[in-house]
Amino acid sequence: MMKGDQVLPSKEANLFKQIVKFYETKQYKKGIKAADQILKKFPDHGETLAMKGLTLNCMEKKEEAYEYVLRGLKYDMKSHVCWHVYGLLYRSDRDYRQAIKCYRNALRLDKDNLQILRDLSLLQIQMRDLSGFAETRQQLLMLKPNNRNNWIAFAIAQHLHSSYDLAGKILMAYEGTLEGVPVSERYEHGEMLLYKAMIQEESGALNSALESLDKGSDQIIDVLAAKEARGRLLQQTGNLTGAEAVYRELLEMNPDNYNYHTGLQSSLGTDPGSEITPDQRATLQAAYEDLFEKYPKSTGVKRIPLNFLEGDHFKAAVQSYVTRFLQKGIPSLFSDLSSLYVSTAKADILEKMFEEAVSSLPSSDKLPWCQGETLEEPAVYVWALFYLAQHYNHRGASTKALEKIDAAIAHTPTIIDFYLVKARILNEAGDPKAAAIVADEGRSMDLADRYLNSEATKWWLQADQVESAQDTIALFTKDGDQGNNLHDMQCMWYEVEAGNSHLRCERFGKALKLFKAVAEHFADIQEDQFDFHSYCLRKMTLRTYVKLLRMEEHLHGHRFYCMAAFGLVRAYIGIYDQPIALEGSKSAVSAVSQRRPSATPGSLL
Amino acid sequence: MISEESESGNDTVSLVPANKENVDTLANLNAVLFPITYQKKFYIDCLACGPYTVMAQLNGSIVAAICCRLETHQDLGVRLYIMTLGVLAPYRRRGIANALLGHALRLAQQDPRIVDTYLHVQLGNEEAIAFYRSNGFELIATIKNYYKRIRPADCFVFSCNLRNWQPRNSCLNHA
């Protein structure tokens, strides 16, 4: 391990081993002590200096750490340990590019060092250096072909590199080396088989994928995932009858999974995304009448036909659908149906239906479309009013919406959902202040409800009452230390809303701070994937791992990130446009933030 | 928290004890039910006296409430005073008030310190008078000019001896 003139006598060599051990077991003080003992005799020993630096880094003494590591490196440029340590230092600072350089130097000196190779591969996948990653994993596999993880990781590397064929072949070669699967590893093996099918599916080798699933059917533990994959594959190979059978089996297991419904509809020859012909509609209608017989309790089976039915069929279906929601007083009815409003015809039918219900219920206690003698609860009337309020708000008729929601509140003033909807209507009608007051009234009716608290906070921010918002949200954060707590919880909706409010009031410095906080969260999320590179491999959750990597690659397309990014740009422009306000003041932030709110608020996004 | 629950036909009535988190709902309800706006002190008394003050929930929405407090009378001992009892108009005539009153009286019966319960009814509130009579309450006094801001200003005092009180059938089952 030691080179040339830097070899330590055996006593010190043992001490050095202890430093490494102390570092690994986080006994940093002892590590420093041992290092100092060596350095007393050999003040120029590079590796000891480097290890001392690494230990200091863990004791939050960053500057000293770099000093020691660099000195160590100076005395022993030919030591892979020093380079490795230097790499670790950069890695802990999240400077992965520099870290990779250091690791490469270390490997030049000790090219088969497994630990350094493994560390390097983690950095490469984190940085998405895919060809580098594939190279390193190949080297690791050649050095240690009896390790399962090395096979799998090499296959992943090829998969990510879009070398599907090679990836599949690696997994098959690995399977070939197996002599039976121990019972304790059955799950891992099943996951590997599913992952193989996933690679084949993505490469377009659909039939091979199906074959893999069939062959592995008694070894795959995650039966549901295998079945879902089968349905998808049969669908894509054009075997619609086969796909239909699989989706029917899946629906038998869970008739409310919308993915299975989409699959079934496609296998019945319709594309759920596009227009359907009258023939297709009739097929679907018959299919869903069937499903309803089988699964009368499934909400999905009743809800989905509302998407494709038209005219009188739609009317009859939606009438029976909403009845239960009204009778049970389920507040989410409107948000459930709101996707139907792309069709004006359906929206008109709903409007007429609910208007009729609202006018007949008070006198007759009956829903106009319900036959029979049963009388409805008075609450049915109020829930119908509640629906109409949201309906009119959705259609832009604020006055009517307010009328309906006020009637509902007068009828039963204790239902808190009404206040939240009233707040929304008021805000959309252009009175955010009134909205906030109404939402806060709702909040005060149940102080133990975090959702109400967040809603009230949101409306305070919309009304640019940042202080009220802060006081409100603080009710649910720990110890009133709300700023830090919200940041630690990555509470982005609040940061974005508050940032926008500061923007509207031209407090650009404060806005900047909040938007930057959001950007930091995304950096953290990206950083957080680091641990999964080794964890997922060990646990063999390969399909999920690949999905995670892909999610991270598109992380910055997230709505919150985009909102924060737009906000950041606006805040910077705002600060740039107000140079006069900054003159003669110590801090740009405080000078800008003291400006009075602008007279013309309005959405900036 | 739901303390008692029952289902009769389509109705599910449950009782929700008043606490400091939901006391504004109670205040909101009372503001609609009664011509008097009660002050903070009223609700502090309610909460201080434990589980007597409850709201009734019908199919998930709160529609009624009873507010009580305990008082110490120097001769009689501890008395349960029913401050308010009301049901939102659309939800009346289905035994909810009966269930609320039953809940409070049953609790009071279990406490040996409490000797009786009493309340004030505004003169002319025939519905309420009939309701309390049918629940075993008796008229014991009339007070002139009891109310300051509403007319008629006089009220009756009704009382019920808890030792003899029998619960009527209510929409809450106690199996």
Side-chain angles (χ1 to χ4, degrees), chain A residues 323-333 358 361-367 370 372-386 406-419 422 437-453 456 475-476, chain B residues 1-2 5 7-35 37-38 40 43-44 46-47 53-67 84-97 100 171:
Chain A
T323 304
R324 197 181 129 265
F325 279 78
L326 292 176
Q327 285 170 342
K328 295 258 173 196
I330 299 170
S332 58
L333 178 60
V358 162
L361 273 166
S363 51
S364 70
D365 282 332
K366 274 188 198 161
L367 286 167
C370 282
E373 291 306 304
T374 22
L375 296 180
E376 301 293 347
E377 290 293 323
V380 173
Y381 166 68
V382 85
W383 287 112
L385 275 175
F386 179 61
D406 281 337
I409 291 175
H411 182 280
T412 307
T414 48
I415 301 176
I416 303 172
D417 305 79
F418 295 178
Y419 295 82
K422 185 170 178 184
I437 290 165
V438 171
D440 201 59
E441 192 185 343
R443 174 192 71 81
S444 72
M445 288 167 70
D446 188 354
L447 297 176
D449 191 322
R450 182 199 282 264
Y451 174 70
L452 291 175
N453 201 66
L475 295 172
F476 272 83
Chain B
M1 194 178 75
I2 287 163
E5 199 171 290
E7 214 160 321
S8 61
N10 281 329
D11 291 4
T12 311
V13 177
S14 53
L15 300 184
V16 182
N19 56 36
K20 66 180 193 312
E21 271 82 32
N22 62 22
V23 70
D24 268 31
T25 302
L26 181 61
N28 224 316
L29 186 65
N30 282 353
V32 178
L33 286 171
F34 307 111
T37 308
Y38 294 98
K40 247 196 170 124
Y43 296 102
I44 292 170
C46 283
L47 297 188
T53 298
V54 291
M55 296 182 275
Q57 210 172 34
L58 181 73
N59 299 330
S61 329
I62 286 170
V63 299
I66 184 167
C67 296
T84 63
L85 168 57
V87 182
L88 285 175
Y91 306 93
R92 286 178 193 160
R93 312 290 327 153
R94 56 178 76 215
I96 295 174
L100 287 170
C171 60

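Naming: A, B, ... by sequence-line order, numbering from 1 per chain. Values in this document were obtained by computation on a predicted structure and should not be read as measured data.
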Please identify, among A:T412, A:V382, A:I415, the residue contributing the most non-hydrogen atom pairs under 4.5 Å to chain B.
A:T412

Identified side chain to side chain contact (heavy atoms under 4.5 Å, CB included) partner of A:S444 from the options B:D24, B:N28, B:N22
B:D24

Can you name the residues that form a side-chain hydrogen bond (donor to acceptor under 3.5 Å, both in side chains) with A:D446, not counting sequence neighbours?
none

Do B:Y43 and B:T53 get their side chains close enough for a donor-acceptor pair, meaning under 3.5 Å?
no

Proximal component of A:F418, with respect to chain B [non-hydrogen, under 4.5 Å]:
neither

Applying ring pair (Phe, Tyr, Trp, His ring centres under 6.0 Å), can you list everything that pairs with A:F325, at least two apart in sequence or on another chain?
A:Y321

Can you tell which part of B:L88 gets under 4.5 Å to a heavy atom of chain A, answering side chain, backbone, both or neither?
side chain

